[in-house]
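Residue indices begin at 1 and follow the sequence shown. In each ligand, atom 1 is the first atom listed, and ligand 1 is the first ligand listed.
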Amino acid sequence: MPTLKEKLREKIELWRPRTQRLMDEYGDVVVDEVTISQIIGGMRDIKCLVTDISYLDPEEGIRYRGYTLPEVFQKLPKPPGAEYPYVEGCLYLLLTGDIPTEEEVAEVVDEMSKRRILPRYVYDVLDAFPTISHPMAMFSSAILTMSRESFFAKKYEAGMRKQDFWDPMYEDSLNLLAKLPEIATYIYSKLYRGGNRSESNPFLDFGGNFAHMMGISKPYDDVSRLHFILHADHESGNVSAHTGHLVASSLSDIYLSISAMINGLAGPLHGLANQEVLKWLLDVMHKMGGKLPTEVEMKQFVWDTLKAGHVIPGFGHAVLRKTDPRYMIQREFALNHINDEPIMQYVDMLYRIVPPILKEQGKAKNPWPNVDAHSGAIQWHYGVRDYDFYTVLFGIGRSIGICANLVWDRALHYSLERPKSLTTEMLEKIAMGSKL
Ligand code: NMX
Ligand code: MLT
């Protein structure tokens with residue numbers, strides 16, 4: 001059986017001529033036009049990135065390597081007795097495009113387990129943070145600190161052929177991903193559990209070991225597998241993926257690139273929205289004195305938020321134009337496992353009342369819930385109630401997809417990213433019909 005790395009090498013060699021041919025023979029073919037509102041409005045919808053790891057259709061949602069998320073959950077091998085698949089299998093799929101066999105996943109589980117030990121200095125860096133720090137700042141810094149471990153940086157300095165760039169990037173990626181559960185649970189125990197935590201168990205898979213280190217019993221191992229797989233990738237244009245790609249395009253190593261993408265994920269319009277959702281719900285609970293609001297009362301809370309000029313966290317999307325399938329998958333899990341959780345009544349009520357209100361307000365192009373509207377409620381149920389930790393969980397998942405992308409970026413020699421900027425005066429001239 002070929003190892004993951006051997007399989008990847010084979011795939012890369014087969015793929016390279018396709019990219020080369022597009023560049024050599026079709027490099028001048030026009031793909032898209034750009035309007036002034038796209039330039040000022042956050043480059044929305046401009047087709048200017050390429051990835052084969054995942055594709056987001058506005059109506060259907062994300063596909064990983066051509067598979068919808070329900071297909072991914074159904075096809076990937078699962079640990080014995082588990083409801084959700086190995087996270088390691090998802091990494092295999094994203095990297096190679098193939099659904100791994102049980103044996104192939106076992107090899108990756110073993111590889112990751114061997115690489116999970118964190119250098120001592122990372123704990124020292126985390127211990128130096130004040131305990132009022134945001135966990136995302138700590139998570140990003142811990143990853144950044146490990147840049148000195150990068151094989152890519154060392155080999156680049158020593159002189160390496162461009163064809164081989166992907167190889168140390170792959171090694172760095174596996175080394176980093178294997179350590180993320182340890183970093184995250186250390187932060188969690190330090191900030192919220194007085195430093196108490198279980199040591200890592202090398203015989204458990206990624207999701208199982210994460211739950212074990214969090215000290216939360218079954219089915220939190222499955223909750224973790226579900227969460228990390230669900231958040232792994234969302235094509236290339238979202239802030240975290242794009243940041244990772246941009247930073248890596250200057251040949252920065254994986255640690256520099258993933259730390260940077262984590263910083264993008266930490267913004268309230270992106271990953272931090274899952275923390276904002278819980279904060280918003282708890283605020284409503286507080287105002288209601290713990291009593292469930294009626295629909296009329298809840299509608300008033302939503303309108304009050306909008307009238308104060310704030311967004312309703314967890315709703316809307318830059319690309320999707322339907323309810324996020326990641327929301328529906330979490331909803332299905334919640335209906336099956338935690339339906340008696342009081343916070344679910346709030347989430348459920350918002351699911352019904354927010355979209356019509358956003359439609360009535362008439363601003364949001366997509367009034368439907370996104371992934372972040374649900375994830376916190378599940379964590380809350382299983383005892384993870386320190387909601388500023390939620391984006392770290394998102395960050396673990398997202399690192400898997402971005403590492404897969406960055407390995408392929410190196411394999412296909414994607415260039416330094418450097419779009420052109422214009423001045424406002426230039427745009428005004430273009431608007432009046434002049435050429436630059
Ligand atoms: N609540 C209130 N207003 C909204 C919302 C919302 N949930 N979503 C969009 N709008 C507003 C938006 O602020 C903008 O207003 P203005 O013209 O005054 O600037 C207007 O509707 C048009 O925005 P869109 O083009 O629909 O959305 P855009 O692509 O700019 O932004 C989001 C997408 C996701 C940033 C936006 O929908 C939002 O702020 N949602 C709430 C935050 C959130 O849930 N983010 C997580 C997204 C998923 N993730 O994990 O990253
Ligand atoms: C994501 O998962 O990255 C978010 O849904 C945001 C996006 O795709 O723009």
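Side-chain contact check for S257 and S252: no donor-acceptor pair (N or O, by modelled atom type) lies under 3.5 Å. For W280 and T305, the side-chain atoms include at least one donor-acceptor pair closer than 3.5 Å.
For atom 47 (C) of ligand 1, the choice among V277, N370, V302, V239 with the nearest heavy atom turns out to be N370. Relative to atom 25 (O) of ligand 1, the option among H317, R398, R321, K365 with the closest non-hydrogen atom is K365.
The protein atom (non-hydrogen) at minimum distance from atom 6 (C) of ligand 1 is I312 N, 3.6 Å. Looking only at heavy atoms of the protein, atom 38 (C) of ligand 1 is closest to F315 O, 4.0 Å. At the shortest separation from atom 48 (C) of ligand 1 among protein heavy atoms lies D372 OD2, 3.4 Å. Among all protein heavy atoms, the one lying closest to atom 33 (C) of ligand 1 is A318 N, 3.7 Å. Closest to atom 3 (N) of ligand 1 among all protein heavy atoms lies V311 CG1, 3.9 Å. Nearest to atom 16 (P) of ligand 1 among the protein's heavy atoms is K363 CE, 3.8 Å. Protein heavy atom closest to atom 9 (C) of ligand 1, with residue, atom name and distance, is A364 CB, 3.5 Å. Summary of contacts: the protein heavy atom closest to atom 28 (P) of ligand 1 is R44 NH2, 3.6 Å.
With salt bridges taken as basic N to acidic carboxylate O contacts below 4.0 Å, none links E33 and K47. Salt bridge E111/K5: absent, no basic N to carboxylate O contact under 4.0 Å. By the 4.0 Å N-to-carboxylate-O rule, R331 lies close enough to D348 to be salt-bridged with it. Between E60 and K322 there is no salt bridge, since no side-chain N of the basic residue sits under 4.0 Å from a carboxylate O of the acidic one. D253 and R148 are not joined by a salt bridge, as no carboxylate oxygen comes within less than 4.0 angstrom of a charged side-chain nitrogen. Taking a cutoff of 4.0 Å between a charged side-chain nitrogen and a carboxylate oxygen, D98 and R65 do not qualify as a salt bridge.
Where the criterion is an N or O separation shorter than 3.5 Å, residue side chain and backbone included, L269 meets it with respect to ligand 1. In terms of polar-atom proximity, defined here as any N/O pair under 3.5 Å, L306 makes no such contact with ligand 1. Among the atoms of H310, none of the N or O lies under 3.5 angstrom from an N or O of ligand 1. Taking only nitrogen or oxygen atoms, main chain and side chain alike, Q361 does not reach within less than 3.5 Å of ligand 1. For ligand 1, the polar-atom distance check finds no N/O of A273 at less than 3.5 Å from any of the ligand's N/O atoms.
Counting heavy atoms from C-beta outward, M426 and L436 have side chains that approach closer than 4.5 Å. In this structure, D409 and S249 have side chains that are not in contact, with every pair of non-hydrogen atoms separated by 4.5 Å or more.
Under the salt bridge (charged side-chain N to carboxylate O under 4.0 Å, His left out) criterion, D222 pairs with R225, not counting sequence neighbours.
Separation of the F210 and F228 ring centroids falls under the 6.0 Å cut-off. Ring centers of Y86 and Y92: at least 6.0 Å apart, outside the cut-off. Centroid-to-centroid, the aromatic rings of H234 and H317 come within less than 6.0 Å.
Of the residues listed (S198, S113, S200, S224), the one engaging N209 in a side chain to side chain donor-acceptor pair (under 3.5 Å) is S200, and it is the only one.
The nearest protein heavy atom to atom 30 (O) of ligand 1 is closer than 4.0 Å. Not a single protein heavy atom sits closer than 4.0 Å to atom 19 (O) of ligand 1. In this structure, atom 12 (C) of ligand 1 has its sub-4.0 angstrom surroundings free of protein heavy atoms.
At a heavy-atom cutoff of 4.0 Å, ligand 2 is surrounded by H234, N238, H270, H317, R326, F394, R398.
Close contacts between ligand 1 and G314 involve ligand atoms 43 (C), 44 (O) [criterion: under 4.0 Å to a heavy atom]. Short contacts between ligand 1 and L358, defined as distances under 4.0 Å to a heavy atom of the residue, involve ligand atoms 1 (N), 2 (C). Ligand 1 places these atoms under 4.0 Å from at least one heavy atom of F394: 50 (O).
The main-chain N or O of V371 is found under 3.5 Å from a side-chain atom of D324 such that the two form a donor-acceptor pair.
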